[in-house]
Amino acid sequence: MDSNKQMADLLFKNITKTPDDYEQMYPKRNLEEGAVVTRFAPSPTGFLHFGGLFAAFIGKTATKSTNGVFYLRIEDTDKKREVENGVSLIVKGLNDFGIEIDEGMLSETDEKGAYGPYTQSKRKDIYQAYVKSLVEQGLAYPCFMTEEELATIREKQESEKLLPGVYGEFAKYRDITVEEAQKRIENGDEYVVRLKSPGKEDKRIKFKDVIKGEIEMPENILDVVLLKKDGTPTYHFAHVVDDHLMRTTHVIRGDEWISSVPIHLQLFWLCGLKPPKYAHISPIMKEENGGKRKLSKRKDPEAAVSYYSEVGYPKGAIWEYLMTLANSNYEDWRLANPNEDIDNFKFSFSKMSKAGALFDMVKLADVSKNYICRLSAEEVYEMVTDWAKENNKKLYKLLVDDEEYAKAIFAIERGNAKPRKDISAWTDVENYVSYFYSELWDRKFDFPDNLSNDDMIEILELYKQIYDENVSSDDWFPQVRDMAETIGYAKAPKVYKKDPDSYKGHVGDVAGVIRVAATGRRNTPDLYEILQVLGKDEVMKRFDEAIESLRG
Ligand code: GLU
């Protein structure tokens with residue numbers, strides 16, 4: 001028997017299936033031409049980074065527009081980094097932002113789809129079958145180097161400024177015989193399985209990244225580890241096997257992996273597999289002290305996606321924002337098509353930033369305001385109560401205790417051509433609605449400084465007498481105007497400006513006093529609508545209170 005075959009049998013006694021068997025088990029997908037199959041492949045470290053959400057969003061967007069498949073694969077080969085409930089956290093993160101998967105992990109234990117298991121730790125036999133086949137072809141070997149030996153070569157390479165890693169003269173076990181391997185294994189020596197890289201030092205490879213364009217790099221010459229001492233694969237190898245068998249067309253991932261592409265392409269070729277397309281996403285950057293740095297898990301609360309759920313950014317707003325980060329032409333498209341579904345925008349990998357999109361909180365708030373102002377009162381009500389249930393119990397109770405009232409509040413100045421943009425996230429709602437609820441309102445009246453208390457009392461006393469709850473919105477302001485004139489106020493600001501000495505003020509001042517008496521505030525949405533929602537009894541009560549406070 002040839003010695004490679006003997007070595008493979010020695011290392012993988014229990015592996016009976018071959019790559020061909022797996023080829024049959026996971027056949028080519030039957031999809032339309034051009035359909036993108038991609039995945040979100042996080043490690044369950046207990047933290048979903050905004051950059052991860054961004055990558056998942058890009059994957060989802062690319063598959064949606066091509067009728068492809070988006071799946072969630074859990075990369076848990078590094079047990080040191082894993083935390084309890086790590087998968088649930090990722091699943092919740094994606095759910096919270098409405099990024100639905102077609103296949104993959106649904107919880108810690110459940111999954112859906114015909115290309116699983118979708119958790120790497122459950123795929124050990126599959127990886128080993130592929131490594132066994134490489135050993136059989138003389139393309140991989142067991143390496144018994146100890147930590148000390150590895151440290152020694154690392155030091156030598158450092159001091160001589162050589163490429164770090166196991167290759168050439170440093171690859172001590174490259175030509176190990178079956179006999180020696182057997183002896184060592186019987187002796188209980190630990191080993192990893194390494195690639196026997198056929199790479200040449202002076203050769204370069206070229207590939208086309210769908211985001212970054214053409215890239216040229218030195219070919220891989222390292223005998224990288226394929227299987228660790230415990231038989232689990234490294235990321236490099238697992239990704240090759242998984243992305244092939246799951247029939248992935250595009251690997252979308254952070255660009256910290258770009259330097260590993262020569263290893264990955266070599267592995268695909270040596271396994272006789274067609275590599276997928278690569279899309280390397282630049283990290284999300286943040287401006288700081290005039291410079292730029294990566295959005296950091298340690299320094300920035302907004303690096304965690306849980307932050308956005310807590311603050312209450314609706315998922316639609318987050319999508320809007322993610323798309324502005326993804327494609328710079330999205331904002332113009334949105335301006336031209338304010339009511340169009342985001343799915344109708346033509347996303348393109350090539351329009352993604354090569355340098356790293358800049359995260360900007362002010363912009364996010366602005367995008368979110370624009371999104372929220374286009375929602376219906378019912379939608380706002382549903383989303384706010386959903387959020388408040390978890391995050392603001394007091395507000396939640398008020399909203400569900402009188403649903404009609406709450407919806408009437410949210411309907412104010414909504415649904416018209418120029419809706420107001422007062423709310424950027426659901427945390428803003430308590431303040432926004434506070435004067436509608438005695439439980440929330442501080443009953444402080446922020447009266448203007450340009451009128452005397454007596455003048456303001458006069459306005460309120462008179463308005464109390466004429467206020468008619470059944471007046472139409474068209475007739476409401478003329479009524480205030482007429483009243484203003486009868487007590488010495490100009491009926492319009494420009495009339496007042498022409499001859500200020502003849503008036504106490506103008507109609508705007510009068511309406512302002514009414515506004516403060518009804519709401520406590522100088523700035524509010526449409527006053528007529530507010531008075532209607534509050535109802536006459538409440539309005540009268542507030543005017544009395546306001547008059548009393550003016551009397552001191
Ligand atoms: N598990 C890898 C990571 O979290 C995934 C990279 C990839 O998507 O292939 O960085």
Side-chain angles (χ1 to χ4, degrees), residues 36-63 68-83 86-91 93-94 99 101-105 115-124 126-127 207 209-212 215 224-226 228 232-268 271 273 275-284 294-297 303-305 326 349 352 356:
V36 171
V37 178
T38 191
R39 76 296 193 279
F40 180 43
S43 301
T45 56
F47 184 88
L48 185 52
H49 193 282
F50 186 74
L53 180 71
F54 184 54
F57 173 79
I58 299 299
K60 179 71 194 173
T61 303
T63 56
V69 177
F70 177 64
Y71 68 89
L72 173 62
R73 181 171 77 220
I74 298 298
E75 305 212 323
D76 61 345
T77 55
D78 187 355
K79 291 290 170 195
K80 284 195 286 292
R81 292 176 60 212
E82 199 171 325
V83 303
V87 179
S88 313
L89 249 150
I90 291 160
V91 169
L94 294 184
I99 300 187
I101 57 164
D102 303 303
E103 288 174 16
M105 296 314 291
Y115 288 81
Y118 294 90
T119 298
Q120 288 185 330
S121 56
K122 302 218 167 81
R123 301 173 61 80
K124 227 165 138 174
I126 308 180
Y127 306 122
F207 74 99
D209 186 274
V210 296
I211 296 172
K212 308 227 178 208
I215 295 179
V224 291
V225 175
L226 305 178
K228 297 183 260 188
T232 57
T234 52
Y235 166 75
H236 299 313
F237 194 67
H239 125 74
V240 167
V241 172
D242 292 344
D243 282 320
H244 170 67
L245 289 179
M246 296 177 186
R247 307 290 172 178
T248 307
T249 63
H250 290 65
V251 166
I252 303 171
R253 62 185 179 188
D255 71 359
E256 68 272 19
W257 292 111
I258 262 201
S259 57
S260 306
V261 172
I263 297 175
H264 298 163
L265 290 178
Q266 193 175 59
L267 289 173
F268 274 104
C271 291
L273 307 172
K277 291 197 165 86
Y278 283 105
H280 285 100
I281 303 180
S282 311
I284 308 260
K294 283 188 204 170
L295 193 60
S296 137
K297 175 174 167 179
V305 297
F349 280 112
M352 286 188 73

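In each ligand, atom 1 is the first atom listed, and ligand 1 is the first ligand listed. Along the sequence shown, the residues carry numbers beginning at 1.
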Do any N/O atoms on [X] end up under 3.5 angstrom from N/O atoms on ligand 1?
X	answer
E256	no
A41	yes
W257	yes

*asked:* Are H250 and F70 an aromatic pair, judged by ring center distance below 6.0 Å?
replied: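 Between F70 and H250, the centre distance exceeds or equals 6.0 Å.
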*Is the Y278 to W257 ring centre distance short of 6.0 Å?*
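Ring centres of W257 and Y278 not closer than 6.0 Å.
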Within the 4.0 Å heavy-atom shell around [X], which atoms of ligand 1 are there?
X	result
R253	7 (C), 8 (O), 9 (O)
S43	1 (N), 4 (O)
R39	7 (C), 8 (O), 9 (O)

*Under 4.0 angstrom from ligand 1, any heavy atom of Y235?*
yes
*Could you tell me the residue and atom name of the protein heavy atom closest to atom 2 (C) of ligand 1, and the distance to it rounded to 0.1 Å?*
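The closest heavy atom on the protein side is E75 OE1, 3.3 Å.
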*asked:* Side chain, backbone, both or neither: which applies to H239 and ligand 1 if a contact is any heavy-atom pair less than 4.0 Å apart?
replied: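 The answer is neither; H239 stays 4.0 Å or more away.
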_Just to verify, what does Y115 make a ring pair (Phe, Tyr, Trp, His ring centres under 6.0 Å) with, not counting sequence neighbours?_
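For Y115, no residue satisfies ring pair (Phe, Tyr, Trp, His ring centres under 6.0 Å) once neighbours in sequence are set aside.
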*Please check if any side-chain donor atom of T63 sits under 3.5 Å from a side-chain acceptor atom of Y71, or the reverse.*
no
*asked:* Among D76, T77, I74, T232, which residue satisfies the side-chain contact (heavy atoms from CB on, under 4.5 Å) criterion with S121?
replied: D76
*Residue pair T45 / D78, side-chain heavy-atom distance below 4.5 Å*: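 Side-chain contact under 4.5 Å: no.
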*Using a cut-off of 6.0 Å, state whether more than 12 heavy atoms not belonging to K277 lie near its atom NZ.*
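No, NZ of K277 has 12 or fewer neighbouring heavy atoms, counting only those of other groups under 6.0 Å.
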